[in-house]
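Every number for a ligand or one of its atoms is a count from 1 in the order of the listing.
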Amino acid sequence: MSTILLAGGAGYIGSHTAVELLNAGYDVIVVDNYANSCPESIKRVESITGKSVKLYEADVSDNAAMEKIFAENKIDAVIHFAGLKAVGESVAMPVAYYRNNIDTTLTLLETMSKFDVKNIIFSSSATVYGEANKVPYLETMPRGACTNPYGWTKSMMEQIFEDAAKADEKLSVVLLRYFNPIGAHESGRIGEDPSGIPNNLMPYVTQTAVGKRECLTIFGNDYPTKDGTCTRDYIHVVDLAKGHVKAIDYILANDKVCEIFNLGTGTPYSVTEIVETFERVNNIKVNHIYGARRPGDLAECYANADKALKVLGWKTEKTLEDMCRDSWNWQKNNPEGYGKK
Ligand code: NAD
Ligand code: UDP
């Protein structure tokens with residue numbers, strides 16, 4: 001069976017993808033510097049699947065460390081999750097974001113070229129559609145103007161991958177544009193474990209429900225949407241992980257590809273709908289107030305997910321209720337996440 005290297009694989013999406021790849025029979029190697037994770041997530045991946053993962057602690061932008069990993073293993077494909085992802089932090093520390101996110105990408109491409117590894121899948125984001133495109137977003141739309149340095153790193157990395165694929169007749173690239181991943185593995189053993197005060201909605205909701213945060217502020221209720229709060233395309237992280245398995249099957253089955261896929265459900269939900277569904281499904285209160293808009297937020301963001309169905313044979317299976325139930329199951333079983341990072 002083929003061997004897949006997950007760069008940044010100890011994180012939230014990488015750990016769930018590791019489970020689904022192992023369940024599908026792939027061998028998995030993880031490299032991570034634990035900038036935003038810890039090795040415990042991979043221990044739990046092993047206990048969920050009953051299979052082992054080869055784990056390396058290294059910075060993905062370190063050429064020597066990456067060459068060692070590629071020399072020691074026969075790698076068939078790489079999935080590049082490694083990156084810094086906090087939007088607000090990227091505004092405060094743009095240089096660190098450009099350095100980390102772009103450097104990891106360049107080092108991976110250089111090392112792959114040296115060791116003749118020809119397949120890479122990249123964690124991109126719906127943020128690259130920018131402000132000017134109209135929802136639902138289609139892969140054929142041009143990348144737009146991003147509202148923060150994090151978004152620009154994704155846009156620039158997509159460009160780097162497309163240019164590299166143009167120049168190398170054997171290099172295959174799949175760019176996966178994620179919408180809003182939430183939820184956790186149904187075992188409640190792996191999930192999202194943000195450091196400090198969460199920026200994203202669902203971890204803020206679960207931490208409020210568990211009593212770690214006093215009150216959720218819903219950012220704005222005067223948007224031109226169904227109930228005035230922003231709408232997003234929330235996707236269960238296990239559905240997202242399965243999308244990666246389909247993308248791996250696809251990239252390994254084809255000689256040369258360079259394709260973009262939206263990974264979303266195609267259905268937008270508002271912030272108020274998320275809070276109400278979470279409260280109903282889990283029978284728990286989430287203290288919340290309505291506050292000012294958050295700068296940079298778009299009113300609506302959701303996918304046209306037809307291409308992933310047509311080409312990869314992938315579509316989401318889980319409901320918003322599943323997402324809310326599994327997020328809470330992870331939070332209440334692991335009130336401190338994985339513990340000390
Ligand atoms: P995460 O922070 O949980 O995972 C990223 C992992 O990369 C972490 O384990 C971190 O330690 C590691 N990492 C960062 N820099 C590294 C480096 N230089 N060398 C080695 N490891 C490094 O985040 P996630 O939510 O799992 O996201 C995975 C990818 O998907 C990221 O690239 C992110 O930008 C992208 N993405 C995430 C979302 C989201 O909402 N979670 C949405 C769109 C895109
Ligand atoms: N949001 C909110 N309160 C919070 C965090 C987020 O109202 O504490 C809203 C935010 O305005 C957006 C949605 O929840 O409309 C999703 O935000 P998140 O940061 O999770 O993802 P984004 O879509 O911004 O990448």
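- A salt bridge links R325 with D322; the closest basic N to acidic carboxylate O contact falls under 4.0 Å.
- Going from atom OG1 of T105 over to atom CD1 of I160 covers 6.0 Å, rounded to the nearest 0.5 Å.
- Between N33 and V60 there is no side-chain heavy-atom pair separated by less than 4.5 Å.
- Side chains of L252 and Y250 form no contact here, defined as non-hydrogen atoms less than 4.5 Å apart.
- Close approach of ligand 2 to V271 is summarised as follows: ligand atoms under 4.0 Å from at least one heavy atom of the residue are 7 (O), 9 (C), 14 (O), 15 (O).
- Considering backbone and side-chain N/O of D297, one or more are found under 3.5 Å from N/O of ligand 2.
- Summary of contacts: the protein heavy atom closest to atom 1 (N) of ligand 2 is F219 CD1, 3.6 Å.
- A salt bridge is defined here as a Lys NZ or Arg NE, NH1 or NH2 lying under 4.0 Å from an Asp or Glu carboxylate O, and E162 with R143 meets this definition.
- From the protein, the heavy atom lying nearest to atom 12 (C) of ligand 2 is R232 NH2, 3.9 Å.
- Under a 4.0 Å N-O distance rule, the pair D168/K118 qualifies as a salt bridge.
- Under a 4.0 Å criterion applied to the non-hydrogen atoms of N199, ligand 2 contributes the atoms 5 (C), 19 (O).
- No hydrogens or angles considered: nothing links the side chains of S61 and D103 as a donor-acceptor pair under 3.5 Å.
- At least one heavy atom of Y234 sits less than 4.0 Å from an atom of ligand 2.
- At under 3.5 Å, a nitrogen or oxygen of L201, whether backbone or side chain, sits near a nitrogen or oxygen of ligand 2.
- Within the 4.0 Å heavy-atom criterion, neither part of T229 lies near ligand 2.
- Close contacts between ligand 2 and C230 involve ligand atoms 15 (O) [criterion: under 4.0 Å to a heavy atom].
- A salt bridge is defined here as a Lys NZ or Arg NE, NH1 or NH2 lying under 4.0 Å from an Asp or Glu carboxylate O, and K85 with E192 meets this definition.
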Which protein N or O atoms sit under 3.5 Å from any N or O of ligand 1? Give atom names and distances.
residue	atom	partner	partner atom	Å
ligand 1	2 (O)	N36	ND2	2.7
ligand 1	3 (O)	Y12	N	2.9
ligand 1	9 (O)	G11	N	3.3
ligand 1	9 (O)	D32	OD1	3.3
ligand 1	9 (O)	D32	OD2	2.6
ligand 1	9 (O)	S37	OG	2.7
ligand 1	11 (O)	D32	OD1	2.7
ligand 1	11 (O)	A35	N	3.0
ligand 1	11 (O)	N36	N	2.9
ligand 1	11 (O)	S37	OG	3.3
ligand 1	15 (N)	N100	ND2	3.2
ligand 1	18 (N)	D59	OD1	2.9
ligand 1	18 (N)	N100	OD1	2.9
ligand 1	19 (N)	V60	N	2.9
ligand 1	21 (N)	N33	N	3.2
ligand 1	21 (N)	N33	OD1	3.1
ligand 1	23 (O)	K85	NZ	3.4
ligand 1	25 (O)	K85	NZ	2.8
ligand 1	26 (O)	Y12	N	3.2
ligand 1	26 (O)	I13	N	2.8
ligand 1	32 (O)	F81	O	2.9
ligand 1	32 (O)	K154	NZ	2.9
ligand 1	34 (O)	Y150	OH	2.7
ligand 1	34 (O)	K154	NZ	3.0

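- Side chain of N334 to main chain of W330: a donor-acceptor pair is present (N/O by atom type, distance under 3.5 Å, no hydrogens or angles).
- Shown in contact with I218 at under 4.0 Å from a heavy atom are these atoms of ligand 2, numbered in order with element: 7 (O).
- Checked against the 6.0 Å centroid criterion, the rings of H288 and F278 do not qualify as a close aromatic pair.
- Between the side chains of Q159 and D163, at least one donor N or O lies within less than 3.5 Å of an accepting N or O.
- With hydrogens left out, the protein atom closest to atom 3 (N) of ligand 2 is T217 O, 2.8 Å, a heavy atom.
- Side-chain contact of T265 with D233: a donor-acceptor pair under 3.5 Å is present, judged by distance alone.
- Annotation: atom 25 (O) of ligand 2 to nearest protein heavy atom, N180 ND2, 3.9 Å.
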